Amino acid sequence: MKLQKASIALVALFCCLSSLAQTADEIIEKHLAAIGGKENWKKINTLKQSAILDLNGSQIDVTLITSNGKGYKQTISFAGMTGYSIYTDTAGWNFYPWQGHQKAEAITTEDVKEGLDNLDAQGPLLDYKAKGHTVEYIGMDDFEGTDCYKVKLIEKSGKVITYYIDPSNYFIIHSVTVTKANGQEVESKTDYSNYKKLPEGIWVALNNSNGGQTIKIKKVEVNVPLEENTFKPAN
C-alpha cells in the first residue's frame, strides 16, 4: 500500500514538473497546431460569421465581418431595427437606432485603439511578437473541472487576455480579458465550446458565452469577397 501511494505521488510530481517545464511559446505552438496550423491560418484574409445572440432568452441576429488588418464590422438586427459597429485602423463608428442614434456616430481615438485587435482575423497568438504583443505562461489553473494551462497575452494596445488552454486538445476553453475604459479596468470572461473544423482546415469555436450572453455561430465563410463600402458608415 505504501509503495502504491509512493507511485501515485511520483506520478503527480512528474505531471507537475512536466507542466512547469512548458513555456508559453511551446503551449502556443501546440495550440496553433491543434486549431489547424499556422499556414492554414495565415491564408485567412477575410472572415464572415453569421450568428444568433441569445441574450437572456431573446434571439438576435448578428453578423461579424473581418478583413485582416483592414476592418471589422458587427451588424445587429432585432425588433425590426438594424445597427452596427465599424472599426478600421484609423477610425470607427457606432449606429444603434434603439439607442436613439439618427446617424452613425464616430467613436473616440481611444476606443479605436482599443478595438484594433478586432481587425486580426488570424488571432492575436499567431505571430504575436511581430504584432507587438508579449506572452507569459503563468501556470495551471482549474476551469470547471479541467486543469488548464494559463497563458497571459499583453497586447500592444495594453489589453490583457488570459487564456485557459485544455491540455487534452490544446483548445482555448475560457479567457479573461482586462481593458481600460474611462481610466478604470474592465474585466470580461468568455467561454468557448463546440469547436468545428472548417473546409479550410481551421478549427473555430461555434459557441461563445459571456455572462448571460451566448453567441451561437451558424455559418462561417472564409476569404469571401467584400463590398468596397463594407467598412464605411451607411448614413
Side-chain angles (χ1 to χ4, degrees), residues 35 41-55 58-127 131-133 155-159 161 175 177 179 181 186 188 190 192 196 198-200 202-211 213-235:
I35 61 171
W41 276 98
K42 286 181 179 181
K43 296 174 184 176
I44 307 302
N45 295 312
T46 66
L47 201 60
K48 182 177 181 180
Q49 302 174 81
S50 302
I52 298 294
L53 170 62
D54 187 343
L55 182 59
S58 298
Q59 303 290 306
I60 300 170
D61 292 323
V62 179
T63 302
L64 309 170
I65 300 175
T66 308
S67 179
N68 195 45
K70 297 179 180 179
Y72 169 82
K73 184 175 183 179
Q74 174 183 271
T75 303
I76 302 173
S77 300
F78 77 103
M81 296 180 288
T82 298
Y84 57 79
S85 289
I86 294 175
Y87 287 88
T88 71
D89 58 345
T90 57
W93 300 267
N94 289 327
F95 174 61
Y96 299 138
W98 50 86
Q99 292 184 358
H101 291 180
Q102 299 299 312
K103 62 179 182 178
E105 298 184 359
I107 64 176
T108 66
T109 302
E110 181 180 352
D111 286 340
V112 171
K113 181 181 177 182
E114 284 286 344
L116 286 178
D117 62 326
N118 290 317
L119 278 60
D120 190 348
Q122 301 172 356
L125 291 176
L126 179 64
D127 292 337
K131 295 172 182 175
H133 310 327
E155 296 189 352
K156 184 170 60 174
S157 66
K159 179 184 293 185
I161 308 174
S175 70
T177 301
T179 57
V186 178
S188 63
T190 305
Y192 307 90
K196 179 181 179 181
L198 303 183
E200 292 77 14
I202 62 173
W203 289 77
V204 297
L206 298 184
N207 291 356
N208 302 322
S209 300
N210 186 328
Q213 304 178 17
T214 299
I215 293 182
K216 297 181 179 180
I217 299 172
K218 301 300 183 181
K219 184 178 181 181
V220 182
E221 299 172 83
V222 175
N223 293 335
V224 293
L226 303 178
E227 295 182 7
E228 190 174 336
N229 61 351
T230 298
F231 305 113
K232 295 179 181 179
N235 46 24

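Remember, predicted model here, so these are calculated numbers, not experimental data.
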So how far is it from Ile44 CD1 to Ile202 CD1, rounded to the nearest 0.5 Å? 4.0 Å

Counting neighbours of NZ on Lys48 that are heavy atoms of other residues, nucleotides or ligands and sit closer than 6.0 Å, is the number greater than 12? no

Shortest non-hydrogen pair, Asn223 vs Lys43, comes out as ND2-O, 3.0 Å

Value rounded to 0.5 Å, distance of CG in Leu116 from CG in Asp111: 11.0 Å

Do Asn68 and Asp120 have side-chain heavy atoms sitting under 4.5 Å apart? yes

For Thr82 against Phe95, the heavy-atom pair lying closest together: O-CE2, 3.7 Å

Are there more than 12 heavy atoms of other residues, nucleotides or ligands under 6.0 Å from atom CD of Glu227? no

To the closest 0.5 Å, what do you measure between NZ (Lys70) and CG (Asp89)? 10.5 Å

Contact summary for His133 and Lys156, nearest pair of heavy atoms: ND1-N, 3.0 Å

Against Lys159, only a single residue in Thr179, Asp117, Thr177 fulfils side-chain hydrogen bond (donor to acceptor under 3.5 Å, both in side chains); can you say which? Asp117

Can you tell me if NZ on Lys131 sees more than 12 non-hydrogen neighbours from other groups inside 6.0 Å? yes

Provide the closest heavy-atom pair for Tyr72 versus Phe231 in the form atom of the first, atom of the second, distance. N-CE2, 3.3 Å

Rounded to the nearest 0.5 angstrom, the CD1-CG distance for Ile215 and Leu206 is 12.0 Å

Can you name the nearest heavy-atom pair linking Ser175 to Ile161, along with the distance? CB-CG2, 4.1 Å

Approximate separation, where rounding is to 0.5 Å, of Gln49 CD and Glu221 CD: 10.0 Å

Sub-4.5 Å side-chain heavy-atom contact between Thr46 and Ile65: no

For residues Ile86 and Lys232, determine if any side-chain heavy atom of one lies less than 4.5 Å from a side-chain heavy atom of the other. no

For Ser188 and Asn210, the nearest pair of non-hydrogen atoms, with its separation, is CB-ND2, 3.9 Å

Does atom CD of Glu228 have more than 12 heavy-atom neighbours, drawn from other residues, nucleotides or ligands, at distances under 6.0 Å? no

Please assess Tyr96 against Ser85 for the test side-chain hydrogen bond (donor to acceptor under 3.5 Å, both in side chains), listing each intermediate value before the final yes or no. CA-CA 8 Å; Tyr96 299 138; Ser85 289; 2.2 Å; yes

Enter the distance from Leu53:CG to Gln213:CD here, rounded to the nearest 0.5 Å. 5.5 Å

